[in-house]
Amino acid sequence: MPPETVDELPAVLRDRREKLERLRAEGVEPFAAHFHRTHTTAEALSLLDRHPEGTDPVTVAGRLATQRVQGGMAFADLVDRDGRIQLVARRDHLGPDLYERFSHLDPGDVIGGTGPVRRTRRGEPSVWLDGFVLLSKSLRPLPDKWHGLKDIELRYRRRYLDLIANPETRHVFTARARVITAIRQLLDGKGFLEVETPVLHDVPGGGNARPFVTHHNALGRDLYLRIALELHLKRLVVGGLERVYEIGRVFRNEGLSPRHNPEFTMLECYQAYADYHDMMELSEQLVVAAAQAAGTPLETTYQGTAIDLHPPYRRARMVDLVEQATGRRLVGPKLFEAYEEAVEPALVQPTFVLDYPVEVSPLARRREDDPRFVERFELVVTGRELVNAFTELTDPIDQRRRFEEQAAQRAAGNLEAHPLDEDYVRALEHGLPPTGGLGMGIDRLVMLLTDQASIRDVILFPQLKEEA
RNA sequence: GCCCGCGUAGCUCAACCUGGUAGAGCAGGGGACUCUUAAUCCCAAGGCUCAGGGUUCGAAUCCCUGCGCGGGCACCA
């Protein structure tokens with residue numbers, strides 16, 4: 001920040017700096033060290049319900065929204081995380097000095113106020129102030145009180161203003177937090193152990209994506225930010241933890257889009273003695289639990305399209321879906337390409353797409369009845385992959401061969417082909433129990449449940465280009 | 001990386017097509033008002049029109065370049 005003199009500031013900012021100095025000159029500290037509130041706004045309101053004639057004094061704290069100063073009586077809305085409550089100040093009651101200070105507060109100032117709660121003549125529940133304290137002076141004006149903050153760039157860059165001005169934004173991120181809590185509760189209840197695995201990887205495996213590269217100075221070598229959680233979690237199943245999960249950030253060095261942020265949040269969980277059929281049931285349970293946590297009905301809409309999230313979801317084999325769409329019965333990478341092009345975008349209602357070609361699934365177990373396919377599914381909703389899961393490949397010999405096929409693709413220029421992870425193959429050689437595994441994109445799940453069109457609307461601080 | 005659109009006061013938007021001194025609401029300042037709630041009414045103030053070039057007597061407006069944002073494509077299990 002350049003050293004700015006008060007004179008150079010826009011008038012709206014200069015006025016507030018001058019107010020700040022005036023307050024200090026009057027002996028009022030504009031940034032309080034601490035404050036004790038007795039009630040949130042919601043608690044104050046429910047207290048009034050129990051004492052409709054008026055409560056004992058309560059102390060609330062929050063940010064001042066709008067003010068309505070009317071001669072010797074002033075009204076203001078105080079906002080905290082739970083909601084809002086009206087404050088009433090009267091010159092007769094507070095005395096002229098304190099009243100004057102109240103009426104010169106700005107929207108955005110953080111204050112604490114004490115007084116009984118009762119209704120105004122118009123029926124508005126209000127804290128009738130016996131006194132108030134300025135806790136944090138706001139030196140910048142709030143966004144337009146009626147239109148909110150519309151500028152989409154400012155909403156992302158200054159998320160704090162978006163959260164103050166737009167209730168919908170608060171709702172989305174509250175729902176996101178509750179969804180993640182619900183997922184943890186569901187998995188914990190099934191005996192899964194939440195673990196943390198490294199973000200810095202020697203070998204960026206578990207998915208097909210270009211990684212971010214970073215450098216460790218003391219080791220004198222490059223490391224990669226993880227693109228998936230998979231390989232470390234399956235090592236833990238080898239280690240006997242049997243049911244593990246991690247909810248964590250992964251990083252993919254790809255372009256930005258309404259559905260892609262370079263860092264995003266994945267749930268991955270692995271269950272010994274389970275297969276991909278079990279993972280389908282688990283997927284359904286996760287979606288239902290998440291929807292309930294977000295307060296989203298199972299009969300919902302996404303961007304104007306009706307979506308029914310009631311399980312069980314349709315199950316269809318990829319070869320059949322492609323044949324229905326194109327009339328051709330394909331195998332191998334061509335099947336997968338045709339699926340992505342002709343089928344996936346049209347799958348609006350929740351659908352488990354089963355049995356992927358082995359060539360695009362180097363970590364999944366082959367089908368016993370047809371080794372060209374693996375026991376893998378993706379749960380697709382609104383044309384987007386929500387879950388990717390499979391019966392894990394446990395045969396270390398086959399795993400090494402699959403890695404070598406990927407290495408050949410890599411040598412041929414496919415930067416996203418899976419690299420060989422020797423240590424992972426060694427872990428398999430010790431014996432991975434039959435295991436089902438599942439990965440779920442939390443951001444896309446929250447987008448679906450909160451009806452948000454862009455992944456940027458469900459990530460608090462999404463990646464943008466450098467500010468001008 | 002390519003294509004399209006957008007960028008005006010702290011915020012929300014006019015004026016741009018068709019070039020002629022940049023306007024309004026909110027927020028802020030002053031005043032009136034002791035039951036308001038998008039309070040109301042009166043007064044005054046607030047701008048490097050994203051940046052840089054060009055065309056023109058004259059550019060917010062037309063043209064070019066750059067930057068930023070959005071969308072699409074490419075990329076992306």
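In what follows, chains carry the letters A, B, and so on, assigned in the order in which the sequence lines appear, proteins first and then strands, with residues in each chain numbered from 1. Treat the numbers as computed from the prediction; the structure is a model and nothing was measured.
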Shortest non-hydrogen pair, A:K137 vs A:F31, comes out as O-CE2, 3.3 Å

Heteroatom pairs (N/O) under 3.5 angstrom, protein to nucleotides 71-75 of chain B:
residue: B:G71; atom: OP2; partner: A:R456; partner atom: NH1; Å: 3.0

A:R68 has its side chain closest, among B:U37, B:C35, B:G68, to B:U37

Exercise. Salt bridge between A:E29 and A:R24, side-chain N to carboxylate O under 4.0 Å?
Worked result: yes

Between B:A39 and B:C50, how far is it from one P atom to the other, in whole Å?
31 Å

Practice prompt. Could you give the distance separating B:U61 and B:G20 at their C1' atoms, to the nearest angstrom?
Written response: 11 Å

Please walk me through it: do A:R37 and A:E43 pass salt bridge (charged side-chain N to carboxylate O under 4.0 Å, His left out)? CA-CA 11 Å; A:R37 70 174 172 189; A:E43 288 164 351; over 6 Å; no

Show me the protein contacts with nucleotides 29-33 of chain B, counting only N or O atoms at under 3.5 Å.
residue: B:G29; atom: OP1; partner: A:K19; partner atom: NZ; Å: 2.7
residue: B:C33; atom: N3; partner: A:G71; partner atom: N; Å: 3.1

Within the sub-3.5 Å range, which N or O atoms of nucleotides 1-11 of chain B have a protein N or O partner, and how far apart are they?
residue: B:C11; atom: O2'; partner: A:D144; partner atom: N; Å: 2.7
residue: B:C11; atom: O2'; partner: A:G148; partner atom: O; Å: 3.4
residue: B:C11; atom: O2; partner: A:D144; partner atom: OD2; Å: 3.1

Under a 4.0 Å heavy-atom cutoff, the residues of residues 336-361 of chain A touching RNA chain B are A:F336, A:E340

Residue set satisfying ring pair (Phe, Tyr, Trp, His ring centres under 6.0 Å) with A:F377, at least two apart, ordered chain then number -> A:F352

I'd like the P distance from B:G28 over to B:G68, given in whole Å.
35 Å

Query raised in the report: Are the charged groups of A:D457 and A:R155 less than 4.0 angstrom apart, N to O?
Result: yes

| Between A:R84 and A:E124, is the closest basic N to carboxylate O distance under 4.0 Å? | yes

Hits for salt bridge (charged side-chain N to carboxylate O under 4.0 Å, His left out) against A:D15, two or more places apart or cross-chain, chain-then-number order -> none

*Is A:G206 touching bases, backbone alone, or none of the nucleic acid, heavy atoms closer than 4.0 Å?*
base

Quiz item: Base, sugar-phosphate alone, or nothing: which one does A:S126 contact when heavy atoms must sit under 4.0 Å apart?
Solution: nothing

**Asked** Would you call A:D162 and A:R170 a salt bridge, using N to O less than 4.0 angstrom?
**Response** no

Q) Below 4.5 Å, heavy atoms only, C-beta onward: do A:Y99 and A:R90 meet side chain to side chain? A) no

Applying the 3.5 Å cut-off to both distances, the Watson-Crick or G-U partner of B:C35 turns out to be none

I'd like a table of atom pairs between the protein and nucleotides 47-50 of chain B - only N or O on both sides, under 3.5 Å - with the distance next to each one.
none

Quiz item: When the P atoms of B:C11 and B:G47 are considered, how many whole Å apart are they?
Solution: 14 Å

task = Pick the P atom in B:C26 and in B:U37, then give their distance to the nearest Å.
result = 14 Å

Applying salt bridge (charged side-chain N to carboxylate O under 4.0 Å, His left out) to A:R16 and not counting sequence neighbours gives A:D106

A:D82 and A:T41: side-chain donor and acceptor closer than 3.5 Å? no

query = Does the pair A:E323/A:R329 count as a salt bridge with the N-to-O cut at 4.0 Å?
reply = yes

query: Taking the side chain as C-beta and beyond, is there a heavy-atom pair between A:V172 and A:R176 under 4.5 Å?
result: no

So, with a heavy-atom separation below 4.0 Å from RNA chain B, the residues of residues 366-383 of chain A are A:R376, A:E378

Sorted by chain and residue number, the salt bridge (charged side-chain N to carboxylate O under 4.0 Å, His left out) partners of A:R91 (sequence neighbours excluded) come out as none

Across all chains, not counting sequence neighbours, the side-chain contact (heavy atoms from CB on, under 4.5 Å) partners of A:L448 are A:Y302, A:L309, A:V381, A:T382, A:L386

Taken in chain and number order and not counting sequence neighbours, the residues that satisfy salt bridge (charged side-chain N to carboxylate O under 4.0 Å, His left out) with A:R367 are A:D355, A:D369

- [ ] Could you work out the separation of B:A44 and B:G30 based on their P atoms and round it to a whole Å?
- [x] 16 Å

With rounding to whole Å, what would you report as the distance between B:U49 and B:G10 at their C1' atoms? 16 Å

When the C1' atoms of B:A59 and B:A22 are compared, how many Å lie between them, rounded to an integer? 12 Å

- Message: Parallel, tilted or perpendicular, judged at 30° and 60°: which one describes the rings of A:F336 and A:Y356?
- Response: tilted

